[in-house]
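We use all heavy atoms of the structure for the numbers below, so side chains are in, but hydrogens, waters and symmetry mates are not. All values derive from a computational prediction rather than experimental measurement. Naming: A, B, ... by sequence-line order, numbering from 1 per chain.
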Amino acid sequence: MSKKVVVETTINGEATEFLCEPRQSLLEVLRDELELTGSKEGCLTGDCGACTVIINGRPTCSCLVLGVEAQGKKIDTIEGLARPEGLHVLQRKFLEHAALQCGICTPGFLMSAKALLDRNPSPTEAEIRYALAGNLCRCTGYDKIVRAVIDAANTLSGARAA
Amino acid sequence: MAAHGDKARALCGGTDLIIQMRAGVRRPEYVVDLKNIAALRQISFSMQHGLRLGAAVPAIEIHENADMRRYYPGLTEAAHLIGSLQIQSRASVGGNLCNGSPAADTIPALIAVAAKARVIGPQGERLVPVEEFCTAPGRTVLQPDEILIEFQIPTPAPHSSDAYQRFIPRNEMDIAVVGVGAAITLDPADDRCVAARIALGAVGPTPIFAREAAAALVGKRLDEASIDNAARAATAASSPIDDMRGTAEFRRHVVGVLTRRVVKLAAERARVAQSR
Ligand SMILES: Cc1cc2nc3c(=O)[nH]c(=O)nc-3n(C[C@@H](O)[C@@H](O)[C@H](O)COP(=O)(O)OP(=O)(O)OC[C@H]3O[C@@H](n4cnc5c(N)ncnc54)[C@H](O)[C@@H]3O)c2cc1C
Ligand code: FES
Ligand code: FES
């Protein structure tokens, strides 16, 4: 076994240091070393998006990133989405629209949607569907998820206009 | 890489390599992350020198680059077809080529725009035309101690453009059953084709540079007759197999259909590409 490596990174805005084996994925590090178990393990092949986190502003499958690659990066996970004052508007809208059933896909969808809205605050429905194409859901049939994201985008832009 | 030879493997976006390591298909003892080397991360374009596209630039940055969209729309759309946004945040064109899949979307598009791969190793540097890069499924001309630095791509001639399309069973997130890339240069005086390059993906053990298909267009107006000849030549150049994604016969048919479409699309783009 190779020696463990010290990695310094920023997770959800906090400077974080962890030890990992060079072959561990970022998903394993988040879940097993850092106890951030919100990012889910689905396929481990980049297909399902359940493990999606945002790295330097880009949605990324953490199952296809090595833990050591987190060095010097800014990583946002689902655990950082809600604020002390309450849920993120995307989370609220997912609840209102019943955009989840079993919930295993939800953290990944929320992070993909957040990455989209951070870059493009008023996306078209087509842009939303494109941005969510890397996330699979076996329960909801997607439509409720898309409605929830549209509603969240409208709420956010309404809040900005007000 | 030089010290560890074939025990070492380059890493860029990891969208192939990490999956292959997890599946035990590749078992490198050392993984060398190349994507923090500046030369591998740049996109620089000038009318004098053409394009230098770093091997590790992720697909999403290609799509976001205005020069790429304007001067190499076909290559840009090929990169933008790779997987989902999560995959495009990581997947590089260099990795797409070095992985050596016959179905890789960017390879026919690279061949169409006459890209050369700049390779460097302990023995020095060499420039390999992309059509000579892949040797068999999963195999390339790269030696274990060599890495791909960048692609060098000529400035498109006036009145030229490129296009890439693929056929997949679903709308997104699938491997090409057939992919076709084309670059077309027109003579604005009489709309004749003065130069063409056509390449095919997923219909042979490596991507195929279909010289005969392009030759069927050069000197001709791009009408149904000449485009049909090109489509027939492309079909003849392909050597597809039957697999779960489609029969050989179906693939040959799709090669013809897509060749017609990309030639027309590249020509339309070439007609409006004048003013540069
Ligand atoms: C869910 C999913 C969907 C996908 N969809 C598509 C698709 O639609 N179309 C498509 O074409 N591909 C698709 N792919 C594959 C695509 O993501 C990869 O081929 C990608 O382009 C490889 O780039 P990378 O930077 O991730 O390479 P890596 O995985 O880092 O490397 C790939 C291989 O190339 C070698 N390598 C990489 N860079 C260099 C270099 N500079 N010098 C020497 N060797 C190098 C590595 O050692 C490795 O063997 C998909 C992948 C996933 C996971
Ligand atoms: S677990 Fe990473 S994409 Fe499915
Ligand atoms: S809610 Fe069950 S997979 Fe999406």
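- Each of Glu61(B), Arg90(B), Gln88(B) was scored for a side-chain contact (heavy atoms from CB on, under 4.5 Å) with Arg58(A), with one residue passing: Glu61(B).
- Here the CG atom belonging to Leu85(B) is positioned 9.0 Å from the CG atom belonging to Leu132(A), to the nearest 0.5 angstrom.
- Using a 4.5 Å cut-off between heavy atoms, Leu17(B) makes no contact with chain A at all.
- Residue contact with chain B, scored on non-hydrogen atoms closer than 4.5 Å, involves the backbone and the side chain of Thr45(A) alike.
- Between Ser89(B) and Pro59(A) the shortest heavy-atom distance is OG-O, 2.8 Å.
- At a threshold of 4.5 Å between non-hydrogen side-chain atoms, the residues Glu69(A) and Lys35(B) count as touching.
- The local environment of CD in Glu125(B) is crowded, with over 12 non-hydrogen atoms from other residues, nucleotides or ligands closer than 6.0 Å.
- Within a 6.0 Å radius of NZ in Lys40(A), other residues, nucleotides and ligands contribute more than 12 heavy atoms.
- For chain B, the nearby parts of Leu66(A) are the backbone and the side chain; heavy atoms of each come within less than 4.5 Å.
- Side-chain contact between Leu64(A) and Ile87(B) is present, with at least one heavy-atom pair separated by less than 4.5 Å.
- Around the CZ atom of Arg138(A), the shell of radius 6.0 Å holds no more than 12 heavy atoms that belong to other residues, nucleotides or ligands.
- Taking chain B as the reference chain and counting heavy-atom pairs below 4.5 Å, the highest number among Cys61(A), Pro22(A), Gly49(A) is found for Cys61(A).
- When all heavy atoms are compared, the tightest approach of Ser84(B) to Gly134(A) is CB-CA, 3.2 Å.
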Test log, rule side chain to side chain contact (heavy atoms under 4.5 Å, CB included), inputs Val65(A) and Ile18(B): CA-CA 8 Å; Val65(A) 178; Ile18(B) 293 177; 5.6 Å; no
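- The side-chain heavy atoms of Asn36(B) and Gln71(A), taken from C-beta on, include no pair separated by under 4.5 Å.
- Remark: Arg23(A) does not engage Glu29(B) in a salt bridge, criterion side-chain N to carboxylate O under 4.0 Å.
- Checked by atom type, the side-chain pair Thr60(A)/Gln86(B) shows no donor-acceptor distance below 3.5 Å.
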